[in-house]
There are 2 protein chains.
Amino acid sequence: MNISQAAKLSGLSVKTVRYYADIKIVEPARDIQSGYRSYSNDDVAKLNFIGKARRFNFSIEECRELLSLYQDKNRSSKEVKKLTLAKIASIDEKLKEFHSLRDELSHLVNCCNGDDRPSCPILDELSK
Amino acid sequence: MNISQAAKLSGLSVKTVRYYADIKIVEPARDIQSGYRSYSNDDVAKLNFIGKARRFNFSIEECRELLSLYQDKNRSSKEVKKLTLAKIASIDEKLKEFHSLRDELSHLVNCCNGDDRPSCPILDELSK
DNA sequence: TATAAAGTCTCCTGTTACTGGAATGTAAAG
DNA sequence: CTTTACATTCCAGTAACAGGAGACTTTATA
């Protein structure tokens, strides 16, 4: 099938699918006549896989790794679990950061009158 | 003072400080002899301000806005509060996303044996 | 069948907020 | 006077694409 069909089936944009071909993560066959990319069902399955992994916040390089594990019938689930645990840990870090950011900001907002006068504890804090 | 001094006082890297000059957010004077950037205490205060605002997850453009509010003695605290509330809202969104990501991933991890056998519910989920 | 429209191709630029490095020039220390 | 430290500009790279130009192929319509 052509690229737009593959894009539709995988829920990705044509641009993204073409990008994935460029970076050699999903490399479709080529129609010799037209030079058009020609996607198999298997290619679409890979696109789907990557799309999902991306939504789980895995980077492209991690997707590459997961994909090769996925295609390796002898892989151990241990390896996949390890990658996933590392991902969870990095998400936890971000969660912590954002939580404390949020707390500090909302504290500042609560101290700020939000009126037409210039006095503003938010700016005061930023300039300390 | 020279750029390295300004960088040290503001807790930013020299590269970053130079970058901030390039994008015209903190524009120091120039030494006519050497062409070196020459930072005043006021410039350093701005660098500090920006550094803090960045740590609060404000983008450079938002920093620009906050900085001009900061320098406007007639600004109303309302404007600053509005920006900050918007920032909190966007952080809340990210928090929500990351929370649900985390939950899904840890659910998958709990289902995965993590042994030397190939069966892996994580990959199964990604390939669905 | 001629033409128009839709789809595809490659290549280039821009995004965010810097970081690293090369080549070169200036200032301070010995 | 030379070494060393610090400064300058300019270019490339980062992550993961999106947008657009110009050219070509395929498909649909008149």
Side-chain angles (χ1 to χ4, degrees), chain A residues 1-39 43-44 46-67 87 90-91 94 97 101, chain B residues 1-40 43-44 46-67 87 90-91 94 97-98 101:
Chain A
M1 69 191 84
N2 277 347
I3 195 168
S4 58
Q5 178 76 3
K8 181 174 289 176
L9 288 179
S10 60
L12 302 173
S13 76
V14 168
K15 277 279 185 188
T16 297
V17 174
R18 201 173 280 132
Y19 174 69
Y20 287 169
D22 287 347
I23 63 170
K24 299 175 193 305
I25 186 164
V26 178
E27 296 179 279
R30 291 283 186 153
D31 183 303
I32 302 177
Q33 286 292 326
S34 61
Y36 286 11
R37 291 177 179 82
S38 176
Y39 287 84
D43 291 330
V44 172
K46 285 189 201 174
L47 290 173
N48 257 313
F49 183 95
I50 296 167
K52 257 207 177 153
R54 292 285 300 125
R55 262 168 268 137
F56 276 117
N57 203 247
F58 285 101
S59 72
I60 290 285
E61 288 315 307
E62 289 167 330
C63 287
R64 233 185 259 278
E65 215 169 329
L66 286 170
L67 200 53
K87 181 52 58 182
S90 88
I91 289 177
K94 284 187 193 167
E97 275 180 50
L101 263 183
Chain B
M1 71 190 82
N2 278 346
I3 196 168
S4 58
Q5 179 75 2
K8 183 175 288 177
L9 288 178
S10 61
L12 303 173
S13 75
V14 169
K15 277 282 185 185
T16 297
V17 174
R18 199 172 282 130
Y19 173 69
Y20 287 168
D22 287 348
I23 62 170
K24 298 172 196 306
I25 186 163
V26 177
E27 296 180 278
R30 291 284 185 153
D31 183 304
I32 303 177
Q33 287 293 327
S34 62
Y36 286 11
R37 291 177 179 81
S38 174
Y39 288 83
S40 66
D43 291 330
V44 172
K46 285 190 203 173
L47 289 173
N48 257 313
F49 183 96
I50 296 166
K52 254 201 183 158
R54 292 284 301 125
R55 262 168 267 136
F56 277 117
N57 204 246
F58 286 100
S59 72
I60 289 286
E61 288 314 307
E62 287 167 331
C63 288
R64 235 184 257 279
E65 215 170 327
L66 285 170
L67 200 53
K87 179 54 56 180
S90 88
I91 289 177
K94 284 187 194 167
E97 274 179 51
F98 279 125
L101 263 183

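We name chains A, B, ... by the order of the sequence lines, and we start the count at 1 in each one.
- Taking atom CD on B:E27 and atom P on D:dT8, their separation rounds to 14 Å, with Å as the unit.
- Look at B:K94 and B:E97 and you find no salt bridge, because none of the NZ, NE, NH1 or NH2 atoms lies under 4.0 Å from a carboxylate O.
- Residue B:K8 contributes atom NZ, which lies 12 Å from atom C1' of D:dC6 at whole-angstrom precision.
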Please tabulate, one pair per line, all N/O donor-acceptor pairs under 3.5 Å involving side-chain atoms of residues 18-32 of chain B, not counting sequence neighbours.
residue : atom : partner : partner atom : Å
B:R30   : NH1  : B:G35   : O            : 2.9
B:D31   : OD1  : B:Q33   : N            : 2.8
B:D31   : OD1  : B:S34   : N            : 3.1

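- Contact annotation: the side chain of B:Q5 never approaches that of B:Y39 to less than 4.5 Å [non-hydrogen atoms, C-beta and beyond].
- With a 4.5 Å cut-off on side-chain heavy atoms, A:L101 and B:R55 do not count as touching.
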Requested in this report: Report the C-alpha separation of B:V44 and B:M1 in whole Å, then their side-chain angles, then the decisive distance to 0.1 Å, and conclude whether the side chain to side chain contact (heavy atoms under 4.5 Å, CB included) test is met.
Outcome: CA-CA 10 Å; B:V44 172; B:M1 71 190 82; 3.7 Å; yes
**Report entry** Protein-to-nucleotide contact annotation, 5' to 3' order, nucleotides 3-19 of chain C [B base; S sugar-phosphate only; - none; under 4.0 Å, heavy atom]
**Finding:** ----BSSB------BBS
